[in-house]
Amino acid sequence: MTEAARAAAADPAGTRLQGGVPRDVNGMPHGQPVLDSLVALLDLERIEENIFRGVSPASSPVRVFGGQVAGQALVAAGRTVPPERRVHSLHAYFIRPGDPSIPIVYEVDRTRDGRSFTTRRVVAVQRGKTIFSLSASFQVDEDGIDHAEPMPEVPDPETLPTFGEQIGPMIEKLGRAQPRPIDVRYVTEPPWVSRDRGPREARSQVWMRADGVLPDDDLLHVCTAAFASDMTLLDAVLARHGVYWGLDKVNGASLDHAMWFHRRFRADEWLLYDCASPSASGARGLATGRFFSRDGQLVATVVQEGLLRVGD
């Protein structure tokens with residue numbers, strides 16, 4: 001990581017950048033400068049052959065965002081794999097809360113290098129303890145059978161209000177006045193709105209894309225999608241019970257995360273994130289998500305279980 005990249009990662013609002021930063025209707029920074037900070041955040045520093053170091057944004061909440069550590073760990077794995085081998089799956093566990101005030105060290109185990117597949121295991125460490133582990137598999141391009149479920153019929157993203165417009169006067173209560181590198185447009189009613197009418201279908205649909213232009217780097221686009229996939233996935237669980245973070249007594253955290261990447265895509269183009277929750281029990285909620293490209297191609301599938309403790 002260069003000094004410029006490190007400075008950008010530590011300044012996600014882009015306040016040090018010349019020319020100012022775009023602001024949403026409620027003052028939240030967004031646009032290319034904020035996306036550039038995410039790119040810098042994913043540009044890990046190599047400190048040994050299989051050891052990398054990452055940082056967190058200065059504006060991070062109390063603990064490291066799960067999508068950040070997942071994206072950084074996947075970058076670390078990918079940096080040890082030939083570029084012609086693309087990641088097709090990852091499986092991860094969130095073990096301890098990450099401290100955003102100190103760097104995260106990513107240690108890569110080169111588990112296997114086969115003729116078609118490459119396997120890597122990554123552990124993220126802070127203060128000598130593992131906070132996160134990830135296994136990822138990479139494959140050379142091969143021809144084969146091909147089919148996919150169709151994309152649901154939804155409105156175009158341009159017809160939907162921005163996240164800032166939708167969250168409106170709730171911003172202070174929800175504490176979401178953070179820089180936003182991902183443009184999110186809710187197709188289904190936002191859960192902080194629908195909760196007023198009580199439980200509804202365990203489903204959440206949003207359009208999302210990187211809020212700017214990303215470099216032509218397949219791994220970076222996949223890692224950006226991994227980052228974004230943790231943003232709204234558990235909304236489907238909460239919607240089923242008519243509760244939401246910050247408005248009700250809900251405490252939670254991601255427990256594990258799995259993704260399968262089916263087809264190439266660009267994370268700076270609109271992706272429909274269609275999420276549902278088949279079950280919740282034992283203070284845990286399961287959510288599944290499907291990413292569709294604008295032309296209807298199923299490009300990735302996500303599954304996550306989250307810890308969800310809901311008080312009276």
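Within the structure, the side-chain hydrogen bond (donor to acceptor under 3.5 Å, both in side chains) test picks out the following pairs touching residues 277-287 (sequence neighbours left out): R284-E305.
Between the side chain of R209 and the backbone N or O of L271 there is no donor-acceptor pair closer than 3.5 Å. The main-chain N or O of P155 is never found under 3.5 Å from a side-chain atom of T159 such that the two would form a donor-acceptor pair. Looking only at distances, no side-chain donor or acceptor of R86 sits under 3.5 Å from a matching main-chain atom of L219. Looking only at distances, no side-chain donor or acceptor of S116 sits under 3.5 Å from a matching main-chain atom of Q139. Using a distance-only test at 3.5 Å, with no hydrogens or angles considered, no donor-acceptor pair links the side chain of D211 to the main chain of P181. Although no hydrogens or angles enter the test, the distance criterion places a donor-acceptor pair under 3.5 Å between the side chain of Q32 and the main chain of V213. Of the possible polar contacts, one joining the D99 side chain to the S101 backbone as a donor-acceptor pair under 3.5 Å is found.
No side-chain heavy atom of D109 sits under 4.5 Å from any side-chain heavy atom of V122. I131 has its side chain out of reach of I95: every pair of non-hydrogen atoms, C-beta onward, lies at least 4.5 Å apart. Using a 4.5 Å heavy-atom threshold, the side chains of V105 and Q126 count as separate. A heavy-atom distance below 4.5 Å is found between the side chains of D183 and W270. Under the 4.5 Å side-chain criterion, counting only non-hydrogen atoms from C-beta, I104 is not in contact with V125. Here the side chains of R85 and V140 are in contact, with some heavy-atom distance below 4.5 Å. T288 places none of its side-chain heavy atoms less than 4.5 Å from the side chain of T301. Here the side chains of R112 and T118 are not in contact, with every heavy-atom distance at 4.5 Å or above.
One finds the CZ atom of R195 at 4.5 Å from the CG atom of L247 (value rounded to the nearest 0.5 Å). How far CG of D218 is from CZ of R266: 9.0 Å, rounded to the nearest 0.5 Å. Rounding to the nearest 0.5 Å gives a distance of 11.0 Å between CZ of R264 and NE2 of H221. The structure places OG of S133 at 12.0 Å from NE2 of H91, a figure rounded to the nearest 0.5 Å. Atoms NE2 and CZ, on H241 and R200 in that order, are 12.0 Å from each other to the nearest 0.5 Å. Here I47 contributes atom CD1 and F52 contributes atom CZ; the two are 9.5 Å apart, rounded to the nearest 0.5 Å.
Across all their heavy atoms, A267 and A225 have their closest contact at CB-N, 4.4 Å. When every heavy atom of L298 is checked against every heavy atom of A148, the shortest pair comes out as CB-CB, 4.0 Å. Nearest heavy-atom pair, A253 versus R63, reported as atom, atom and distance to 0.1 Å: CB-NH2, 3.7 Å. Here the closest heavy-atom approach between residue L233 and residue A287 is recorded as O-CB, 3.5 Å. Taking every heavy atom of both residues into account, A210 and L35 meet most closely at CB-CD1, 3.7 Å. Listed here is the closest heavy atom pair of V75 and C223: CG2-SG, 3.5 Å.
For the pair R294 and W207, the cation-pi criterion (under 6.0 Å, within 45° of the ring axis) is fulfilled.
With hydrogens and angles left out, the side-chain atoms of Y106 and Q72 include a donor and acceptor closer than 3.5 Å. Using a 3.5 Å distance cut-off with no hydrogens or angles, the side chains of Q68 and S56 do pair a donor with an acceptor. Between the side chains of S229 and H257, at least one donor N or O lies within less than 3.5 Å of an accepting N or O. For the 3.5 Å distance criterion, the side chains of D230 and S254 qualify, holding a donor opposite an acceptor.
Cluster annotation: L160 is not connected to F163 through the hydrophobic network of ILVMFWY side chains, with a link wherever side-chain heavy atoms come within less than 4.5 Å. Linking ILVMFWY residues whenever their side-chain heavy atoms come closer than 4.5 Å, directly or via other members, leaves V187 and V184 in distinct clusters. Cluster annotation: F261 is connected to I182 through the hydrophobic network of ILVMFWY side chains, with a link wherever side-chain heavy atoms come within less than 4.5 Å. Under the 4.5 Å side-chain heavy-atom criterion for ILVMFWY residues, no single connected hydrophobic cluster contains both V69 and I51. No path of Ile, Leu, Val, Met, Phe, Trp and Tyr side chains, each step under 4.5 Å between heavy atoms, connects Y273 with F292, placing them in separate hydrophobic clusters.
Checked against the 6.0 Å centroid threshold, W260 and F291 do not count as a close aromatic pair.
The ring-ring contact (aromatic ring centres under 6.0 Å, His included) search around F227 returns F65, not counting sequence neighbours.
Open room surrounds CZ on R309; 12 or fewer heavy atoms of other groups in view lie less than 6.0 Å from it. No more than 12 heavy atoms of other residues, nucleotides or ligands lie within 6.0 Å of CD in E48, so this atom counts as exposed by the packing criterion. Counting non-hydrogen atoms of other residues, nucleotides and ligands closer than 6.0 Å to CD of E142 gives a total above 12. Remark: R240 CZ is loosely packed, at most 12 non-hydrogen atoms of other residues, nucleotides or ligands lying under 6.0 Å away.
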Requested in this report: Mind running salt bridge (Lys or Arg N to Asp or Glu O under 4.0 Å) on D274 and R290 for me, showing each step along the way?
Outcome: CA-CA 5 Å; D274 178 36; R290 301 179 300 168; 2.5 Å; yes
Query raised in the report: Yes or no on side chain to side chain contact (heavy atoms under 4.5 Å, CB included) for T232 and Y186, after CA distance, side-chain angles and deciding distance?
Result: CA-CA 10 Å; T232 62; Y186 274 87; 3.7 Å; yes
Requested in this report: Dump the intermediate steps for side chain to side chain contact (heavy atoms under 4.5 Å, CB included) on T162 and R185, then the final yes or no.
Outcome: CA-CA 5 Å; T162 67; R185 312 283 178 98; 3.8 Å; yes
Requested in this report: Decide ring pair (Phe, Tyr, Trp, His ring centres under 6.0 Å) for H88 and F117; before the verdict, give the C-alpha distance in whole Å, the side-chain angles of both, and the deciding distance to 0.1 Å.
Outcome: CA-CA 10 Å; H88 70 87; F117 290 87; 5.4 Å; yes
Query - Candidate pair L42 and V39, rule side chain to side chain contact (heavy atoms under 4.5 Å, CB included), full reasoning - result: CA-CA 5 Å; L42 296 173; V39 173; 6.0 Å; no
Query - Stepwise side chain to side chain contact (heavy atoms under 4.5 Å, CB included) test for L90 and L74 - result: CA-CA 8 Å; L90 67 85; L74 188 56; 3.8 Å; yes
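Under the side chain to side chain contact (heavy atoms under 4.5 Å, CB included) test applied with Y244, the options V250, D235, V193 reduce to a single match, D235. Only one option out of T119, T80, N50 pairs with R110 in a side-chain hydrogen bond (donor to acceptor under 3.5 Å, both in side chains); it is N50.
R79 has a carboxylate O that lies under 4.0 Å from a charged side-chain N of D43, or vice versa, which qualifies the two as a salt bridge.
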